[in-house]
Protein chains: 2
Amino acid sequence: MVGTPADADAGGVPALGPRQLGVYFALMEAVSLLQHQVEQQLRAEGDLSYVQFQLLARLASAGGDLTMTQLADGVVYSRSGLTYQAGLLEKAELITRRPSPDDERSTLVAITEAGLALVGRVLPGHVEVTRGLLFDSLSDDDLDHLGAIMTRVRDHMRAQPPRSAVPRKRKPSG
Amino acid sequence: MVGTPADADAGGVPALGPRQLGVYFALMEAVSLLQHQVEQQLRAEGDLSYVQFQLLARLASAGGDLTMTQLADGVVYSRSGLTYQAGLLEKAELITRRPSPDDERSTLVAITEAGLALVGRVLPGHVEVTRGLLFDSLSDDDLDHLGAIMTRVRDHMRAQPPRSAVPRKRKPSG
DNA sequence: TATTGTTATACTCTATAACTATA
DNA sequence: TATAGTTATAGAGTATAACAATA
């Protein structure tokens, strides 16, 4: 913990909602551990990164095709990054890309049969890992609460102006 | 959502606790968005990655020195990765490394005055970002619940045998 | 022999900027 | 002019394996 009451204002660490900081660090560490395990599973069973899995899952759940921009939303933070990942997935024949007839600037991305099959093959193990690490520790009530909280938080974050929180730059050490 | 009741068993996606999947995806996306914003802030105000911030924060809150192994725990998943990061932090004079007198295999890592100052300089903005994105959406009750849940989950994950969930390898597509 | 940490190396991923083409 | 996407490129980060030194 960084800002417990005891050491607040000692060593330059300001006194700032230690309870919230504790929650924040617990959240980040738990998700970090979960994500690491989940990545191991995806790599082992499907040779996929988590980002690639997210892209495939998004395409699998979308009714039809998605444009690159739609596909990127919330998963990848630069267009070139998505182009790179889409290139890999296309080379592995898990997705296809074709120009949109409506707007010829756009690229329509679709998941292939092989892509769907891979998602289907990987998902059980994926759920198994999350169950063992996350859901086994949660009561039904916890699950409801966590779901309500994180859905609200996620929607709030999505609605946020993307770069509102990058203030003036104060160059530090080097 | 990948496994809602409607499309379960359609397209190869098995029917597996859709409610849990929803909670899981909301959690992962929310934290991903939060982490991305937080990384922007740390980079802008302190020229730090999140991993580097974690390492400094851990050293700042530890009473005294930590060994490399202690420092790595939960933050970095390979020893060479920590050596790399420690090298950067040392070069920036934010930490020091020296051989342990007790066990001469070990390296003792300590945070410098500059390191403490940097943490102190970066933390307010960090808290500000998390407040805007996370805590503003949470009631006091939510905060209690989330804290209780994530602390329990984190401790459960920490106690887990690290590599229990990496079953047999089925090579997939490429 | 086991453990702590470093080094060498290869690889994955991301981001910025320049570019093309369409709206 | 603005938007969608790609390409080139550079940089950060990670992991594996081989290694040295100590327990």
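Below, all heavy atoms of this structure are taken into account, side chains as well, without hydrogens, waters or symmetry copies. Being a predicted model, the structure only gives us computed values, none of them experimental. All chains are named by letter (A, B, ...) in the order of the sequence lines, taking the proteins before the strands, and each is independently numbered beginning at 1.
- Within 4.0 Å (heavy atoms only), B:L88 reaches sugar-phosphate atoms of the nucleic acid but no base atom.
- B:L71 comes within contact range of no nucleotide atom at all, as no heavy-atom separation falls under 4.0 Å.
- Qualifying salt bridge (charged side-chain N to carboxylate O under 4.0 Å, His left out) partners for A:R105, counting only residues two or more places apart in sequence or in other chains: A:D103.
- Two residues, B:Y84 and A:Y84, neighbour DNA chain C, and the one matched to the more 5' nucleotide by heavy-atom proximity is B:Y84.
- The side chain of A:R79 lies closest to D:dG5 when the candidates are C:dT12, C:dA23, D:dG5.
- For B:H145, the ring pair (Phe, Tyr, Trp, His ring centres under 6.0 Å) test picks out A:H145, with sequence neighbours left out.
- Counting atom types as modelled, A:S106 pairs no side-chain N or O with a base atom of D:dA4 as donor and acceptor under 3.5 Å.
- Taking atom CZ of A:R98 as the reference point, atom P of D:dA4 lies 18 Å away to the nearest angstrom.
- Here C:dT12 presents its P atom at 11 Å from CD of A:Q85, a figure rounded to the nearest Å.
- Among the atoms of the strands shown, only primed sugar atoms or phosphate atoms (P, OP1, OP2) are found under 4.0 Å from some heavy atom of B:T107.
- Among the protein residues, B:S78 comes within range of the nucleic acid bases, having at least one heavy atom under 4.0 Å from a base atom.
- Comparing C:dA15, D:dA21, C:dT12 by their closest approach to the side chain of B:R105 singles out D:dA21.
- Listed nucleotides C:dA23, D:dA15, C:dC13 differ in distance to B:Y77; the shortest reach to its side chain belongs to D:dA15.
- As judged by a 4.0 angstrom heavy-atom cut-off over every strand, B:S100 is placed among residues making no nucleic acid contact.
- In summary, the aromatic rings of A:H36 and A:Y50 are positioned with their centroids too far apart to meet the 6.0 Å limit.
- When heavy atoms are screened at a 4.0 angstrom cut-off, B:S49 is found touching the sugar-phosphate backbone but no base atom.
- B:R158 has no carboxylate O lying under 4.0 Å from a charged side-chain N of B:D73, or vice versa, which leaves the two without a salt bridge.
- With hydrogens and angles ignored, no donor-acceptor pair under 3.5 angstrom links the side chain of A:T69 to the base of D:dA4.
- Mapping B:V51 and B:E104 onto DNA chain D by nearest heavy atom places B:V51 closer to the 5' end of the strand.
- Residue B:Q70 places no side-chain N or O under 4.0 Å from the OP1 or OP2 atom of C:dT4.
- The residue among A:D103 and A:V75 whose nearest nucleotide of DNA chain C is located toward the 5' end is A:V75.
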